[in-house]
2 protein chains.
Amino acid sequence: MKIYRYPTKDTWFDLVKRPVLEQQEISALIAGIFKEVQSNGDQALIEFNKKFDKADTQSIKITEAEIEIAENQISDDLKKAIQEAKENISKFHSSQISDISKIETTKGVVCWRENRAVESVGIYIPGGTAPLFSTVLMLAVPANLAGCKEIVLCTPPDKNGNINPAILYTAKLCGITKIFKTGGAQAIAAMTLGTESVPRVYKIFGPGNQFVVAAKEYAQRYGVAIDMPAGPSEVLVIADENAIPEFCAADLLSQAEHGSDSQVVFLTTSLKVLNETISAVDQQIKDLPRNEMAGKSLENSNFIVLNSLEEALEFSNLYAPEHLILAISDFEKYIPMVQNAGSVFLGNYSCESAGDYASGTNHTLPTNAYAKNYSGVSLDSFVKKITFQHLSKEGLQNLGKTIEIMAEAEGLLAHKNAVSIRLKS
Amino acid sequence: MKIYRYPTKDTWFDLVKRPVLEQQEISALIAGIFKEVQSNGDQALIEFNKKFDKADTQSIKITEAEIEIAENQISDDLKKAIQEAKENISKFHSSQISDISKIETTKGVVCWRENRAVESVGIYIPGGTAPLFSTVLMLAVPANLAGCKEIVLCTPPDKNGNINPAILYTAKLCGITKIFKTGGAQAIAAMTLGTESVPRVYKIFGPGNQFVVAAKEYAQRYGVAIDMPAGPSEVLVIADENAIPEFCAADLLSQAEHGSDSQVVFLTTSLKVLNETISAVDQQIKDLPRNEMAGKSLENSNFIVLNSLEEALEFSNLYAPEHLILAISDFEKYIPMVQNAGSVFLGNYSCESAGDYASGTNHTLPTNAYAKNYSGVSLDSFVKKITFQHLSKEGLQNLGKTIEIMAEAEGLLAHKNAVSIRLKS
């Protein structure tokens with residue numbers, strides 16, 4: 001880890017920089033995969049399972065029998081935990097349903113917005129080192145609440161052609177029936193273009209490796225929307241002199257274990273807390289099964305002592321972290337200073353993993369400084385807000401002159417005429 | 001225009017297709033412009049003004065003196081109209097400010113969202129055939145309401161190096177002080193990269209030609225967000241047997257005059273209304289100054305008779321129009337059937353130009369079928385919604401076990417440990 005003591009502000013710009021990711025030129029590869037899926041549909045997906053996942057899959061659609069088997073493989077404790085998390089995520093995302101509020105802007109002119117679900121959405125769940133059934137909850141729960149008619153889930157099979165049972169159980173719990181064994185860029189291509197089995201969707205959500213990220217970007221050429229741009233996961237912890245170093249260390253490590261490219265930043269106003277947190281990290285990492293990954297991530301991480309909490313917030317806003325933990329006694333005071341962050345965890349008992357799994361907030365959040373201009377996934381991500389307006393005859397009489405003058409000044413006479421012809425009638 | 005009588009549903013898919021736009025390969029040109037702006041800053045912008053806009057501009061920043069001159073060039077009637085429109089747009093967009101709603105998902109676990117403005121935003125206003133001062137209102141008013149600290153406006157100069165006075169007046173009225181004479185891809189590059197004069201922004205809004213559209217897409221590689229993907233403007237009108245053909249014709253023409261690539265669709269259940277609307281179009285187009293553009297647009301437009309209003313709504317949802325006019329007596333009944341549209345105009349007196357200028361709704365809307373997965377610009381476009389959560393010690397005791405079980409099942413032991421270490425303490 002890299003330690004900085006009271007760095008001057010002119011050095012901050014370098015300290016908040018993310019490592020530049022190697023941009024492999026994979027666009028030709030992605031285009032090839034899309035072409036293959038477009039031409040050969042399901043058969044292409046089966047071939048790609050063989051090629052990329054070393055899996056022999058006769059059919060890519062998950063059967064009810066497979067889901068039933070999965071259900072029996074999950075412990076009751078895990079089922080109960082997933083159900084409780086689902087309940088909390090439902091509660092929080094339900095609170096994001098907005099009422100219709102009709103506004104009379106001029107007498108006789110009434111305007112409002114109504115939500116309509118994105119009709120068909122796709123959820124991508126990666127394979128790899130962690131079976132992210134929690135991400136199924138984070139995406140399927142708001143999709144259901146929004147009223148999406150069709151929810152499609154794609155995830156790669158393991159070498160035996162199976163899907164992790166917790167993913168299948170969670171998908172079933174969320175009422176998803178269209179689950180497909182396909183991963184990587186080919187899964188994104190299938191949801192973008194449609195195949196015999198996989199329905200075409202309007203918006204694709206979910207994390208993935210560089211191929212998935214590139215494919216989601218490529219999919220946008222076909223009119224598909226995506227949740228947000230992607231980057232490695234991040235946490236920034238701000239600790240005052242009362243913070244508990246063991247807790248801070250545990251939070252930093254829970255981010256670092258995601259992968260060797262995970263970003264971890266620790267800011268404190270106390271040299272003592274700095275040193276004790278570093279010791280606690282060194283102590284706790286020993287027992288972690290993923291300590292190699294966590295260690296690599298920590299090598300590039302910044303541990304910084306600053307002069308004040310105000311300065312720390314200023315630094316944090318410049319960095320714009322995905323996750324921000326305020327391990328501060330007086331955190332209420334600092335909430336208004338948070339300008340750029342994905343999700344914020346307040347006080348000593350609000351660990352990031354609470355939000356990752358079960359508190360109710362969404363864990364699909366903007367990384368790579370995108371917290372400056374993007375929100376995390378919420379109910380809003382699954383709806384369009386359509387504006388409606390009604391002008392009575394009186395309304396148009398009240399507003400017509402204004403519209404006519406403006407249209408004429410923009411040189412758009414047919415726009416003016418649409419008013420004039422009505423006013424004359 | 002193309003007329004279809006009672007087309008069967010299997011033909012609809014072809015009828016809702018937009019013309020495929022010629023994709024000129026301009027990415028090398030755009031990359032070159034970005035490079036030039038990055039290297040030479042303001043001087044590059046001055047050179048591009050000479051090259052592309054035939055304008056000799058000593059400096060690109062608009063001075064206060066220029067704004068004062070502009071103010072004197074605008075009629076009082078136009079000023080009053082712009083002020084009234086601004087007031088309505090403010091009223092409607094103010095209603096989109098959401099309250100903070102704290103949810104206790106589990107006892108001791110409280111979650112909520114707070115809005116934070118995107119700190120710095122850029123507004124692009126095209127030059128060309130119409131001086132779109134109305135778009136200044138549509139973007140600057142919500143930016144101000146959201147609390148954006150910095151609002152930058154770029155627009156190309158005319159051959160004399162001047163900006164249309166209505167644009168300058170409207171910008172001033174909205175409190176924008178950073179106005180720059182630069183257009184096209186170079187303006188987008190300037191707001192993305194920053195120059196000596198032009199501040200770097202986090203999100204870029206506004207319409208433009210193919211170069212601007214391509215540059216906005218390219219800008220995203222630098223972490224900048226954009227309002228939405230672009231395409232030619234569109235209207236779809238649904239008229240029942242009581243609709244007034246002259247009004248329908250005026251609305252269709254007000255869309256057609258935008259440009260030869262504008263999309264106009266007319267659906268009706270009445271052959272009589274169809275024929276009379278076509279006659280009215282032929283009649284009204286004669287007097288329009290932009291009738292050449294409107295005529296070209298109408299050549300490719302579809303006029304369709306369908307069996308029922310339900311069928312018309314179904315067709316409209318498949319098309320997903322930017323603007324939808326329901327010229328239907330009983331429009332209330334059909335509102336719930338609207339699934340995909342940008343903005344909807346209800347009844348005989350709600351002409352599209354009301355929403356284009358002054359009713360209060362935003363006119364920056366999804367085109368090219370993007371109404372299936374995108375909303376129009378609103379206050380939401382200028383804020384991020386940050387989630388916050390606070391777990392008390394009791395809260396973590398209540399939820400901790402659930403988090404531990406889920407983290408362990410995903411193989412993320414450091415995530416589990418962040419809970420365990422707190423529960424043990």
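In the text below, chain A, chain B and the rest are named by the order of the sequence lines, each starting its count at 1.
- With values rounded to the nearest 0.5 angstrom, A/S353 atom OG is found 11.0 Å from B/M406 atom CE.
- In this structure, NZ in B/K416 is found 11.5 Å from CG in A/L288, a value given to the nearest 0.5 Å.
- To the nearest 0.5 Å, atoms OG (A/S254) and CG (B/N417) are separated by 9.0 Å.
- In terms of heavy-atom pairs under 4.5 angstrom with chain A, the leader among B/K203, B/K393, B/K385 is B/K393.
- To the nearest 0.5 angstrom, B/Y357 atom OH is 4.5 Å from A/L412 atom CG.
- With rounding to the nearest 0.5 angstrom, the CG atom of A/D380 is 8.5 Å from the OG atom of B/S375.
- Side chains of B/E119 and A/N317: a donor-acceptor N/O pair is absent below 3.5 angstrom, by distance only.
- Taking B/G395, B/A250, B/A81, B/G400 one by one and counting their heavy-atom pairs under 4.5 Å with chain A, the maximum is reached by B/A81.
- For a residue to count as touching a neighbouring chain, one of its non-hydrogen atoms must lie under 4.5 Å from one of that chain's; by this rule B/Q284 touches chain A with the side chain only.
- Proximity of A/E87 to B/T106: side-chain heavy atoms (C-beta onward) are nowhere separated by under 4.5 Å.
- B/T387 and A/N362 are not linked by any side-chain donor-acceptor pair at a separation below 3.5 angstrom, with hydrogens and angles left out of the test.
- Between B/I405 atom CD1 and A/E84 atom CD the span is 9.0 Å, to the nearest 0.5 Å.
- Evaluated for a ring pair (Phe, Tyr, Trp, His ring centres under 6.0 Å) with A/H415, the options B/H258, B/H363, B/H323 yield exactly one hit, B/H258.
- Counting heavy atoms from C-beta on, the side chains of B/Y349 and A/S425 come closer than 4.5 Å.
- B/H390 and A/F331 have their aromatic ring centers within a separation under 6.0 angstrom.
- A/S350 and B/Q389 share no side-chain donor-acceptor pair at under 3.5 Å.
- No side-chain donor-acceptor contact under 3.5 Å links A/N373 and B/K384.
- Closest approach of B/N348 and A/R422 over heavy atoms only: O-NE, 2.6 Å.
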